[in-house]
Structure formats: C-alpha cells, structure tokens
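Throughout, numbering of the chain's residues begins at 1 and tracks the sequence.
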Amino acid sequence: MGETIKKETINILDVEVYCEHSISEKPPIILIHGFLASTFTYNQIVPNLSKHYSVLLVDLPGFGRSEKSTTFNYSFKNYTKLILAIMDHFKLEDAFFVGHSMGGQVSLNVAKYAPERVKKIVLLCSSGYLKKANRFLRYGSYLPLFQWYAYRYFQKKDVRGVMERVFYDHSLITDEMMEEYKRPLMEQDFYKSLLRLLRHREGDLSTEELKQINTSTLLIWGKEDEIVPLKVGEKLNDDLPNSELVVYEEAGHLITDERPKEVYEQIVDFAK
C-alpha cells in the first residue's frame, strides 16, 4: 500500500489552493493536471507512486477544488510562480514533475524559469504550440454577456460525449469520473476565472524556448489522442534537446486512466 494522502487547502499568492500530498524523506514528485481537470487525473497512479516518492498534487487556481479567483492572474508565468511558492511552502528544494495536457506546459514553464528546481519532467499528452487567444475572444471576454455565453456553452456540453473524446476505450468511463469532471462546471465562479484565463494566458512555449530547456524529459502519448494529437508529441520531442517519446497503442488523451500501470512504471523507471 502507498502512503496516506493528506488533503488540504492552503493560501498561496493570496489564492486558496487545494493540494493532496504525502511529504516524507522520499524524493518529491509534483503532479499537475490539465485544462478543465483536477488532481483526480492521477487517482489511478498516486497510490503506487506514493510507495516511492513524496507526492504533491495541486488543483491549479480556477480548476478543481481550488479557488475560482477573480483577482488571480491566470498566465503560465504566474502559475509558475505559484508552483514555486507551493514548493517553498512544503520546503521542497527541487522535485520531479509530471504534467498532463496543459499541466505539461506549466511544468515546462517551471523548467524554463527555475531549471535548478526541476529534476526531470514527464509530459503526459502535453499541450504544445497553442497560440494566445485571438484578439476578438480576448476583447469579447470583457463584455457583460460573455460569461453567460460561456456558462451556457459548457452547460449544454454532454459530459459523456466529452469523456468519449478523451478515452479510446469507452468502457473505462465511470459515473464517478463523469461526476468529478462535471462538478467544477456547475460553479458560477468557474466561468469568471475561465474568462480571466482567456485574457491572461500566453501562447505555449515556442520552438526557440523549448530548445533552451535542457531538463531530461520523458513524453508519454496515446496514439489515438484526439485532444492533443501525437504529432504534437513528436514535435515536442524534436524541439526538446534532452527528451524521449513513448507511445501507447489504443490509448487516448487520459493516458493515466487507460494505461495506469504502464505510466506508473515508466515514471518510476525514468525518475531513477
């Protein structure tokens, strides 16, 4: 059995941040979720990871059980400051990083701005090469009705249909999973923070920036990923100077749920 995971909300950079952690003398590993997700992304692999590592999972502000702040700056640079401040809070000098989807970009930004604090990175179906939101959307987000339109858009989304896009094997989708991903979408403040993210979010790191990141990086991808196609992983692998790419057949975007045993084993082997 893994270590007991403590769940708590801490105040970092004047925002309430939900964390799950088991901090001990074991080497630390920080797991960061993606867009519209939460720490729940890692629930299949954390019990085993906690046997070998001090694990720290964070709901990024605006998502999961963290505050949907209307004052926080939702840029990658500020998320990086937040992660570094959380590391200071838990007295972690450095750590291994695991980032899924948008969490991969957050992890890469930490490696860019504070490489001495990142031992190695595992990118799980990481986002890459997305541009900043276009000017129309950024300006439109200031209009009074924009939040209402965003709310209506997500409320009309069929959660089952969305889950089927992120899974290759639809039989793995559970009611608990759908409830966990749907819950934050029911919060009115989520849409306020979503609009701020739209305004603040820079584009993903460029090829030139990626080439400057020398941190050892493992990329793990589902070959059938419809959200972030494999070609993104292949390009990231080309641009990152110290990386390798592992691809799983018959797996989609939520690789931690479709291949939990393999992903866990890959992380442990890579982090040695």
Query raised in the report: Above 12 or not: heavy atoms from other molecules or residues under 6.0 Å from CD of Glu116?
Result: yes

Query raised in the report: Is atom CG of Asn11 surrounded by more than 12 heavy atoms (other residues, nucleotides or ligands) closer than 6.0 Å?
Result: yes

Requested in this report: Start with the C-alpha distance between Asp257 and Tyr42, add both sets of side-chain angles, then the distance that settles side-chain hydrogen bond (donor to acceptor under 3.5 Å, both in side chains), and finish with yes or no.
Outcome: CA-CA 8 Å; Asp257 281 296; Tyr42 297 104; over 6 Å; no

May I ask you to test the [X]-[Y] pair for a side-chain heavy-atom distance under 4.5 Å?
X: Val17; Y: Leu82; answer: yes
X: Thr80; Y: Asn78; answer: no
X: Tyr248; Y: Gln266; answer: yes
X: Arg201; Y: Leu130; answer: yes
X: Ile227; Y: Arg165; answer: yes
X: Phe190; Y: Arg183; answer: no
X: Phe97; Y: Lys120; answer: no
X: Asp204; Y: Ser127; answer: yes

Indicate the atoms forming the closest heavy-atom contact of [X] with [Y], along with that distance.
X: Ser206; Y: Glu209; answer: N-OE1, 2.8 Å
X: Ser38; Y: Gly64; answer: CB-CA, 3.8 Å
X: Ser69; Y: Arg196; answer: O-CD, 3.8 Å
X: Leu31; Y: Ile45; answer: CD2-CD1, 4.3 Å
X: Tyr181; Y: Leu36; answer: CD2-O, 3.8 Å
X: Lys68; Y: Ser193; answer: CB-OG, 3.8 Å

[X] (side chain) donor-acceptor with [Y] (main chain) under 3.5 angstrom:
X: Lys112; Y: Ile213; answer: no
X: Ser66; Y: Asp59; answer: yes
X: His170; Y: Glu164; answer: yes
X: Trp221; Y: Val228; answer: yes
X: Ser54; Y: Ser24; answer: yes
X: Ser243; Y: Asn237; answer: yes
X: Thr256; Y: Thr41; answer: yes

How long is the straight-line distance from [atom2] of [Y] back to [atom1] of [X], given to the nearest 0.5 Å?
X: Ser216; Y: Leu240; atom1: OG; atom2: CG; result: 10.5 Å
X: Ile83; Y: Asp88; atom1: CD1; atom2: CG; result: 11.5 Å
X: Leu219; Y: Leu123; atom1: CG; atom2: CG; result: 4.5 Å
X: Glu224; Y: Glu250; atom1: CD; atom2: CD; result: 6.5 Å
X: Lys119; Y: Glu93; atom1: NZ; atom2: CD; result: 9.5 Å
X: Leu218; Y: Glu244; atom1: CG; atom2: CD; result: 5.0 Å

When you group the ILVMFWY residues by side-chain heavy-atom contacts below 4.5 Å and let the links chain together, are [Y] and [X] in the same group?
X: Val58; Y: Tyr113; answer: no
X: Leu108; Y: Met87; answer: yes
X: Met102; Y: Leu230; answer: yes
X: Tyr18; Y: Leu57; answer: no

Requested in this report: Verify the ring-centre separation between Phe270 and Phe96: is it less than 6.0 angstrom?
Outcome: no

Requested in this report: Carefully, step by step, assess Met177 and Phe167 under the rule side-chain contact (heavy atoms from CB on, under 4.5 Å).
Outcome: CA-CA 12 Å; Met177 197 178 290; Phe167 275 89; 3.4 Å; yes

Query raised in the report: Do Lys223 and Glu249 meet the salt-bridge criterion of a basic N to acidic O distance under 4.0 Å?
Result: yes

**Report entry** Steps toward salt bridge (Lys or Arg N to Asp or Glu O under 4.0 Å) verdict (Arg117, Asp94)
**Finding:** CA-CA 4 Å; Arg117 305 199 69 174; Asp94 56 20; over 6 Å; no

Report task. Report the C-alpha distance between Tyr264 and Gln44 in whole Å, list the side-chain angles of each, state the deciding distance to 0.1 Å, and finish with yes or no for side-chain contact (heavy atoms from CB on, under 4.5 Å). Result -> CA-CA 9 Å; Tyr264 153 70; Gln44 296 281 349; over 6 Å; no

Requested in this report: Test Ile255 against Ile220 for side-chain contact (heavy atoms from CB on, under 4.5 Å), laying out the working first.
Outcome: CA-CA 8 Å; Ile255 193 81; Ile220 301 178; 4.2 Å; yes

Requested in this report: Return the orientation label for the Phe72 and Tyr79 ring planes: parallel under 30°, perpendicular over 60°, tilted otherwise.
Outcome: tilted

**Report entry** Given Glu20, Glu180, Glu16, the one that forms salt bridge (Lys or Arg N to Asp or Glu O under 4.0 Å) with Arg65
**Finding:**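 For Arg65, the salt bridge (Lys or Arg N to Asp or Glu O under 4.0 Å) check succeeds only for Glu180.
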
Query raised in the report: Yes or no on side-chain contact (heavy atoms from CB on, under 4.5 Å) for Ser50 and Ile5, after CA distance, side-chain angles and deciding distance?
Result: CA-CA 8 Å; Ser50 67; Ile5 306 296; 4.2 Å; yes

Query raised in the report: Considering the options Leu254, Ile32, Val263, which one meets the side chain to side chain contact (heavy atoms under 4.5 Å, CB included) requirement together with His100?
Result: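 Considering Leu254, Ile32, Val263, a side chain to side chain contact (heavy atoms under 4.5 Å, CB included) with His100 is found only for Leu254.
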
**Report entry** Pair His253-Glu258, side-chain donor/acceptor within less than 3.5 Å
**Finding:**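 The answer is no; no qualifying pair exists.
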
